[in-house]
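What follows is a set of notes on a single structure, which appears directly below.
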Amino acid sequence: MAQSPITPRGEDFAAWYQDVVIQGDMAEPAEIVKGCMVIKPNGYAVWELLQREFDDRFKATGHQNIYLPLLIPQSFLQKEAEHVEGFSPELAVVTIAGGKPLEEPYVIRPTSETIVGHFFAKWIQSWRDLPLLLNQWANVMRWELRTRLFLRTTEFLWQEGHTAHATHDDALDEVLRILDIYADVAENVMAMPVIKGRKTQSEKFAGAVSSFAIEAMMQSGLALQAGTSHDLGQNFGRAFNVQFQTSEGTLDYVWQTSWGVSTRLIGGLVMSHSDDKGLVLPPKLAPIKAVLVPIYRKDEEKAQVLETAHRIAKEVGAKVDDREGQTPGAKFFHWERRGVPVVLELGPRDVASGKIVLKRRDTGSKEPVPQSEINCMLNDTLDRMQTDLYKKAKDQLKSRTVLANSIEEVEGILNEVTAEKGNGKFVMAHVKDDPACDARMKEFKATIRCIPTQDEYDGPGKCIVTGENVDRRVVIAKAY
RNA sequence: CGGGGCGUAGCGCAGCCUGGUAGCGCACCUGCCUUGGGCGCAGGGGGUCGCAAGUUCAAAUCUUGCCGCCCCGACCA
């Protein structure tokens with residue numbers, strides 16, 4: 001019998017997304033805690049693979065991991081003016097502990113800049129202590145009004161990098177180095193093309209001088225901010241008195257950065273590649289790359305098939321689905337929904353002919369392969385699938401990116417867009433980095449996603465809102 | 001924070017209007033049978049009906065209060 005069906009993308013994109021995540025057994029709402037989710041093994045395994053990719057790159061660029069307290073004294077959040085304003089609406093606060101009201105409440109960290117500021121002040125005395133390059137893998141909590149699995153949950157997992165530098169140039173280099181790492185993992189591991197860019201002043205992180213981000217386009221055509229890297233200037237250095245003695249003997253505040261990617265990336269992964277049959281995972285992030293489904297009828301067939309199945313599975317590193325009492329058909333659906341890149345089918349006919357059937361998750365193509373070549377063919381297929389998924393996503397990004405040269409044009413395009421229809425677009429237009437311009441975009445429920453770091457279009461032009469000169473087109477879109 | 005919906009077996013739901021032995025499908029267990037895209041048959045186990053108070057001889061059902069979750073809009077990785 002059919003399991004709960006997956007809502008087709010074309011019918012209702014948001015419902016499709018939720019169905020894919022749940023049917024793919026990645027996560028489910030933790031119905032006992034508002035806005036939180038349970039990340040299940042098939043989802044957490046993807047997170048572990050992603051973590052490894054990022055962590056290796058952070059280590060390779062000189063960062064070390066630390067762990068900071070979950071609770072932050074409430075007064076800490078208030079030390080940086082913009083920071084407190086940005087975060088106070090979404091804080092969860094602990095006011096009672098040990099059965100007694102606390103003298104000073106603790107907030108559950110929404111991010112750790114403030115606590116880092118405190119410890120940086122203790123640890124940094126001299127320019128010789130710099131740069132200080134740290135990262136933390138942690139959970140954080142932001143009391144969101146509206147939540148969606150992975151994309152926005154009250155509690156989420158992430159990494160937050162925190163670094164301190166002697167000069168602004170060094171800090172900015174760090175910010176961009178990390179942005180490159182984020183883009184590298186997104187494109188080459190997640191097969192998710194991104195646009196690197198700077199956030200506008202009104203979209204930047206609360207407390208930063210400037211924020212950079214990678215923006216991805218989902219199959220709905222909506223934008224997803226997939227990672228951010230912030231130039232904090234000396235804002236937190238001043239707020240927490242993080243001073244160091246320069247080589248010339250003077251005192252200066254450190255220049256800090258912070259940067260993060262979260263479990264939101266898993267949502268992005270799902271919305272980049274999956275289809276109406278369920279989850280599609282790029283091979284590099286598939287916890288199980290191939291499953292072998294044995295097919296047999298009589299006992300003597302079973303013995304033969306299983307023997308060959310285990311031999312081949314061992315050779316290629318596949319998992320044999322030898323569960324009893326489930327027909328092959330049920331198994332095919334099971335693994336398909338869970339996004340396994342390749343399913344191998346082995347039955348009596350294949351045993352007799354010395355072949356095995358290889359089926360690709362993304363294209364659905366099925367072909368018999370000589371058993372002697374299966375190892376090579378499988379690796380080949382996984383490699384091809386990885387690059388094909390990227391190409392497909394890149395093509396969609398290109399075909400759904402349009403130029404606009406007037407505010408009316410932008411409005412006309414974006415007013416057609418709804419999240420359910422999944423007909424989103426990236427609109428490239430000349431717009432000034434000015435809060436008034438951001439506000440204008442909000443009128444049609446869109447935002448300036450970023451000012452690309454690399455101009456792939458026609459260079460300078462006149463702002464379609466103010467008429468002033470700006471040096472390149474920005475990305476305007478509706479977003480998650 | 002506004003609008004809507006929901007809470008009954010592990011999951012999805014019916015029953016409620018009109019109070020009277022708690023039901024269906026899937027899943028699960030046992031046996032037989034089947035197996036190249038969600039097999040079939042037979043038998044079986046599983047529930048303080050979200051919580052609390054009230055009305056009543058009697059409450060899943062009526063009344064009141066509370067709690068929680070989900071979905072749709074304004075803030076956000």
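The figures that follow rest on heavy atoms only: side chains count, while hydrogens, waters and symmetry mates do not. None of the values given here were measured: they were computed from a predicted structure. Every chain is numbered from 1, with letters handed out A, B, ... down the list of sequences.
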*Closest to the Pro328(A) side chain: G38(B), A77(B), U35(B)?*
U35(B)

_Pairing nucleotide - C1(B), Watson-Crick or G-U, each distance under 3.5 Å_ = G73(B)

*Could you give the CD-to-C1' distance, from Gln23(A) to G12(B), as a whole number of Å?*
11 Å

*asked:* Can you measure Glu301(A) atom CD to U34(B) atom C1' for me and round it to whole angstrom units?
replied: 12 Å

*With rounding to whole Å, what would you report as the distance between G15(B) and U21(B) at their C1' atoms?*
14 Å

*Hey, is Trp158(A) stacking on A77(B)? Ring centres under 5.5 Å, planes under 30°.*
no

*Nearest of G36(B), A77(B), G38(B) to any side-chain atom of Pro348(A)?*
G36(B)

*asked:* Looking at G36(B), which nucleotide sits across from it as a Watson-Crick or G-U wobble partner, both distances under 3.5 angstrom, or is there none?
replied: none

*In Watson-Crick or G-U wobble terms, both distances under 3.5 Å, what is the partner of G45(B)?*
none

*5'-most contact on RNA chain B: Glu90(A) or Asp12(A), nearest heavy atom basis?*
Asp12(A)

*Can a salt bridge be assigned to the pair Glu48(A) and Arg52(A) using a cut-off of 4.0 Å between side-chain N and carboxylate O?*
no

*Is Val357(A) touching bases, backbone alone, or none of the nucleic acid, heavy atoms closer than 4.0 Å?*
base

_C1' atoms of A52(B) and C57(B), separation to the nearest Å_ = 23 Å

*asked:* Taking A77(B) as the reference, what is the distance to U64(B) when you measure between their P atoms (whole Å, please)?
replied: 43 Å

*Identify which nucleotide among A77(B), A74(B), G36(B) has an atom closest to any side-chain atom of Leu145(A), counting heavy atoms from C-beta outward.*
A74(B)

*Once you round to the nearest 0.5 Å, how far does CG of Leu151(A) lie from CE of Met218(A)?*
8.5 Å

*asked:* Suppose we call two aromatic rings close when their centres sit under 6.0 Å apart. Are Trp47(A) and Phe150(A) close by that rule?
replied: no

_For the P atoms, the ones on A58(B) and on U48(B), what distance do you get once it is rounded to whole angstrom?_
23 Å

*Determine whether more than 12 heavy atoms belonging to other residues, nucleotides or ligands lie under 6.0 Å from atom CD of Glu443(A).*
yes

_A74(B) to C17(B) separation - C1' atoms, rounded to the nearest Å_ = 38 Å

*Rounded to the Å, how far apart are Glu28(A) CD and C71(B) P?*
13 Å

_Which nucleotide wins on minimum distance to the side chain of Ile295(A), given the candidates C72(B), G36(B), C70(B)?_
G36(B)

*Provide, to the nearest angstrom, the distance between the CD atom belonging to Glu324(A) and the C1' atom belonging to U30(B).*
16 Å

Show me the donor-acceptor pairs within less than 3.5 Å that the side chains of residues 171-179 of chain A make with the rest of the protein, sequence neighbours left out.
unit_1	atom_1	unit_2	atom_2	d
Glu174(A)	OE1	Arg177(A)	NH2	3.0
Glu174(A)	OE2	His63(A)	NE2	2.7

*Could you state the atom-to-atom distance from CG of Leu149(A) to P of C70(B) in whole Å?*
9 Å

_Under 4.0 Å, heavy atoms only, any strand: does Gly347(A) hit a base, just the sugar-phosphate, or nothing?_
base

*With both distances under 3.5 Å as the test, what is the Watson-Crick or G-U wobble partner of G25(B)?*
C11(B)

*Flag the pair Lys366(A) and Glu345(A) as a salt bridge only when some basic side-chain nitrogen lies within less than 4.0 angstrom of an acidic carboxylate oxygen.*
yes

*asked:* When both hydrogen-bonding distances must be under 3.5 Å and the geometry is Watson-Crick or G-U wobble, what is C6(B) paired with, if anything?
replied: G68(B)

*Does the side chain of Lys445(A) get closer than 4.0 angstrom to OP1 or OP2 of A74(B) through an N or O atom?*
yes

*G38(B) C1' sits how many Å from Phe332(A) CZ, rounded?*
11 Å

*Indicate, with a heavy-atom threshold strictly under 4.0 Å, whether Phe205(A) touches base, sugar-phosphate, or nothing.*
nothing

_Expressed as a whole number of angstroms, how long is the span from Met37(A):CE to C71(B):P?_
13 Å

_Donor-acceptor under 3.5 Å (Lys331(A) side chain, Arg323(A) main chain)_ = yes

*asked:* Using a heavy-atom cut-off of 4.0 Å across all strands, would you classify Gly35(A) as base, sugar-phosphate, or nothing?
replied: sugar-phosphate

*Give one of base, sugar-phosphate or nothing for Leu224(A), where a contact means two heavy atoms less than 4.0 Å apart.*
nothing

_Integer-rounded Å distance: G38(B) P and Ile6(A) CD1_ = 16 Å

*asked:* If the cut-off is 4.0 Å, is Arg349(A) near the phosphate of G36(B), judged by side-chain N/O to OP1 or OP2?
replied: no

*Is any side-chain nitrogen or oxygen of Arg146(A) closer than 4.0 Å to OP1 or OP2 of C75(B)?*
no

*Between Thr228(A) and Glu336(A), which is nearer to the 5' end of RNA chain B once each is assigned its nearest nucleotide?*
Glu336(A)

*asked:* Say we look at C51(B) and G7(B): how far apart would their P atoms be, to the nearest angstrom?
replied: 13 Å

_What's Gln225(A) touching, base or sugar-phosphate or nothing? Going by heavy atoms closer than 4.0 Å._
sugar-phosphate

_Quick check on C70(B): is either OP1 or OP2 less than 4.0 Å from any side-chain nitrogen or oxygen of Gln18(A)?_
no

_Please determine whether a side-chain nitrogen of the Lys or Arg among Arg337(A) and Asp25(A) lies less than 4.0 Å from a carboxylate oxygen of the Asp or Glu._
no

*asked:* Does Ser211(A) reach a base, just sugar-phosphate, or nothing at all? Heavy atoms under 4.0 Å.
replied: nothing

*With P as the reference atom in both, quote the distance from C49(B) to G10(B) in angstrom, rounded to an integer.*
13 Å

*When rounded to the nearest Å, what value does the distance between P atoms of G44(B) and G38(B) take?*
29 Å

